[in-house]
Amino acid sequence: SRHESTILTPEDFALIRPWLPVEFQQLKIKCIYNSAIDISGIDRVECSLKGHNGTIVVWRSRYPEKVFGGFMDVDWTKYHGYFNSTRAFLFSVTNKEKYEMKDKYGIKEDGDVGWFDKTYGLGFGKDLTMNVNKFFGYCDPCYYDFESASKLTGGSEWSCERMEIYAFVR
């Protein structure tokens, strides 16, 4: 079915769920975009994201294969460019780790925690970005607390094999 993940297993969802803010932990998760099924491109991704406060974006990279992503608690499409969230985070399913924002730089008030651009794609700060039209991404530890690009995505530039987006429903 369209709503089944081709990236995450039930065990992966169980790993991520306790990391979510409390009000999201008990909600159902619905797949709203799956690159294996849906038409690719930023227009389709934007259409899927619109109106959702609370999404999980998951990627699987190639060579080496890594599964990673992030949680954003605000509607991506309300903004063009950078925006803030105090509860966004990145995660690695491969490493079974959650990466919080770096408090030591005061980033929670900085406003660069997430971004959305209709011509390019979406990103978690400057740390993890994805060109949805080219299925290519960049990774640079900047605002979130992960050690290195190779640990999260396999390198500072990464090729996306698959992308899924999930929204929360009551």
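Lys118 pairs by the salt bridge (Lys or Arg N to Asp or Glu O under 4.0 Å) definition with Asp43, Glu46, not counting sequence neighbours. Qualifying side chain to side chain donor-acceptor pair (under 3.5 Å) partners for Ser148, counting only residues two or more places apart in sequence or in other chains: Ser150.
Taking the ring axis of Phe89 as reference, the NZ or CZ atom of Lys98 stays within 45° of it and closer than 6.0 Å to the ring centre.
For residues 54-74, the salt bridge (charged side-chain N to carboxylate O under 4.0 Å, His left out) pairs, not counting sequence neighbours, are Arg60-Glu161, Asp73-Arg87.
Side-chain N/O atoms of Ser5 and Tyr166 include a donor and acceptor closer than 3.5 Å. A donor-acceptor contact closer than 3.5 angstrom links the side chains of Glu164 and Thr6.
Considering every non-hydrogen atom in both Ser61 and Thr153, the closest pair reads OG-O, 3.2 Å. In plain terms, the two heavy atoms of Ile165 and Met163 that are nearest each other are CD1-CE, 3.6 Å.
Screening Phe91, Phe24, Trp19, Tyr99 for a ring pair (Phe, Tyr, Trp, His ring centres under 6.0 Å) with Phe71, the sole residue that qualifies is Phe24.
Note: Trp76 and Phe124 have perpendicular aromatic rings, judged against thresholds of 30 and 60 degrees for the angle between ring planes.
For the atom pair SG of Cys47 and OH of Tyr33, the computed distance is 12.0 Å after rounding to the nearest 0.5 Å. Rounding to the nearest 0.5 Å gives a distance of 8.0 Å between CG of Leu90 and SG of Cys139. The CG atom of Leu8 lies 4.5 Å from the CZ atom of Phe13; values are rounded to the nearest 0.5 Å. Here the CZ-CG distance, from Arg44 to Leu49, works out to 9.5 Å after rounding to the nearest 0.5 Å.
Checked against the 6.0 Å centroid threshold, Phe135 and Trp158 do not count as a close aromatic pair.
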